[in-house]
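Computed over heavy atoms, backbone and side chain alike; hydrogens, waters and symmetry mates excluded. In this chain, residues are counted from 1 in sequence order. Given the structure is predicted, the values throughout are model-derived calculations rather than measurements.
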Amino acid sequence: NKHNKVKIIPLGGLEQIGMNMTAFEYEDSIIVVDCGLAFPSDDMLGIDLVIPDVTYLKNNISKVKGFVITHGHEDHIGALPYVLKDIPAPVYGTKLTIGLIDNKLKEHNMTKTIKRKVVKHGQSINLGCFRIEFVKTNHSIADASALAIFTPAGIILHTGDFKIDYTPVFGEPADLQRFAELGKKGVLALMCDSTNAIRPGFTMSERTVGRTFDSIFAEHKNNRILVATFASNVDRVQQIINSAYKYGRKVVVEGRSMVNVIGTASELGYINIPEGTLIDIEHLKNYKKEDTVLITTGSQGESMAALSRMAASLHKKVSIMPGDVVILSSTPIPGNEKAVSKVINELSMKGAEVIFQDTHVSGHACQEEIKLMYSLIRPKYAIPVHGEYRHLMAQMGIPKENVIIMSSGDVVEIGDEGYKIADHVQAGGILVDGLGIGDVGNIVLRDRQNLAQNGIIIVVLTLEKYSNQLMAGPDIVSRGFVYVRESEDLMDEAQKIVDAAVQDCLRRHVSDWGKIKNIIRDSLSDFLWKKMKRNPMILPIIMEV
């Protein structure tokens with residue numbers, strides 16, 4: 001029926017990098033595509049990760065039929081353990097994707113409660129009134145899929161993160177034939193990865209990186225080689241191992257996520273490691289340095305990752321030495337440039353040679369592949385996801401009024417007759433700190449920033465219960481404000497100000513403790529601002545005996 005409308009509700013992933021998650025709803029069925037996390041920005045002090053707000057799904061939990069996952073990157077699977085606690089629906093994905101999700105659920109003791117189903121490329125699953133077909137694509141992690149979502153209102157094609165690699169390292173090229181067939185059937189809307197939509201041309205094949213590695217290995221036969229890359233890029237690791245094997249080197253895999261992913265990938269047969277090539281990091285010392293290669297995490301300059309610890313001499317087992325060759329096999333994610341150049345500087349100061357030219361290709365389609373996708377699919381509507389770029393659509397032959405730019409939380413109702421933004425639901429980031437989910441919000445973060453920037457002063461005094469006589473104090477304790485031993489005069493003056501404020505309250509028989517605290521806080525705060533132009537957090541504490 002051409003009057004049918006399906007709802008598309010992005011719950012994350014549109015305004016920032018990461019946290020990808022979109023709900024599709026028709027009558028009493030909801031399916032959720034991807035469930036990713038985002039990493040905290042610098043101002044989120046102490047926050048470990050950020051997950052999407054799924055209030056809308058909680059409120060419609062009876063409709064949620066399942067989570068359908070396009071590929072195994074953190075910004076697409078990282079929030080699953082947290083979200084599934086509230087919405088325990090089954091999870092569908094390809095073999096490697098489910099393997100990586102299993103690792104996560106194990107860590108959270110959730111393998112018993114959550115149903116997972118492995119789907120092959122070309123297969124379909126039925127969830128409520130949706131049929132979802134997994135279509136093979138290429139990306140910087142193996143087993144990536146686009147999803148053809150068959151709805152009563154028409155076909156929606158979600159590309160997932162993709163590029164088109166005609167000569168992939170492992171497995172088949174993207175299934176362009178199937179995309180063309182779907183295009184012939186008629187596609188209502190294309191939700192296309194537009195991360196690299198600004199970059200002209202084609203994304204190079206992953207194999208080109210293998211050739212670069214080969215020539216670097218050939219040129220540096222007398223040096224130890226370290227390669228930092230994304231743990232999830234199994235094909236990249238495969239090519240490093242190929243070069244190492246070809247040049248007779250042993251390989252050490254270092255960094256927690258690297259060990260995890262490579263373990264899962266080799267169990268499931270996505271990587272082929274020749275017998276005797278991998279050695280344990282403990283055995284590094286038994287080999288000549290020029291006979292070894294280290295594959296490590298930390299290509300983004302993350303302070304806790306293996307490469308950064310090596311660069312800062314904090315790594316227990318590996319020290320960077322003059323003559324080491326370090327290959328950075330990734331591009332800095334926007335926002336990480338400073339951290340990456342810091343690591344490059346630290347490595348160079350230790351006498352290492354750092355190589356980062358031609359050692360990486362993107363996992364995302366550039367303009368020509370995006371154009372190819374549009375010309376195969378010929379959708380009625382274009383809904384760019386993962387970064388937006390409107391200018392491109394003109395060349396794709398999609399009229400401007402059929403390009404839908406969405407924001408997280410928008411409810412887009414779409415059908416053959418047209419579309420409208422019908423509603424807006426709650427969406428945004430929920431902060432995870434340790435085991436606490438959502439218990440740290442704007443107010444706590446503001447306090448943390450204040451504490452981090454200005455320090456804290458605590459004023460303690462003891463009052464007698466009924467008479468309100470001063471029994472002890474006021475004592476001043478400070479942290480992160482000034483170094484007390486070298487600021488005795490300042491602290492003496494502060495003590496006098498506080499004494500005077502307390503005496504003043506007692507003389508005037510102020511019995512409301514809230515008022516006493518405010519008077520102490522205000523007088524000390526005024527004094528410190530006049531004297532130092534600083535605003536520490538001031539916490540008066542009154543005890544009673």
Which value, rounded to the nearest 0.5 Å, describes the distance between K163 atom NZ and S362 atom OG?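 Spacing of NZ (K163) from OG (S362) equals 7.0 Å.
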
Shortest non-hydrogen contact from [X] to [Y]?
X    : Y    : result
H424 : V411 : N-CG2, 4.4 Å
C129 : S29  : N-OG, 3.1 Å
I30  : A23  : CG2-CB, 4.1 Å
K136 : F179 : O-CE1, 4.0 Å

For the residue pair F24 and F130, is the inter-centroid distance of their aromatic rings smaller than 6.0 Å?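 Judged by ring-centre distance (under 6.0 Å), F24 and F130 do not meet the cut-off.
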
Taking the ring centre of each residue, are H108 and Y82 less than 6.0 Å apart?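 That pair passes the under 6.0 Å test.
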
Salt bridge between K371 and E368, side-chain N to carboxylate O under 4.0 Å?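 A salt bridge links K371 with E368.
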
Electrostatic pair K184-E181, nearest N-O below 4.0 angstrom: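 The answer is no: the pair does not qualify as a salt bridge.
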
Kindly assign one of parallel, tilted or perpendicular to the pair H139 and H73, based on the angle between their ring planes and the thresholds 30° and 60°.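 Perpendicular.
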
With a 4.5 Å limit on heavy-atom distance, are the side chains of [X] and [Y] in contact?
X    : Y    : value
F230 : R236 : no
D75  : F39  : no
L445 : L431 : yes

Within 45 degrees of the axis of the six-membered ring of F481 and under 6.0 Å from its centre: does R534 put its NZ or CZ there?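 That pair qualifies as a cation-pi contact.
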
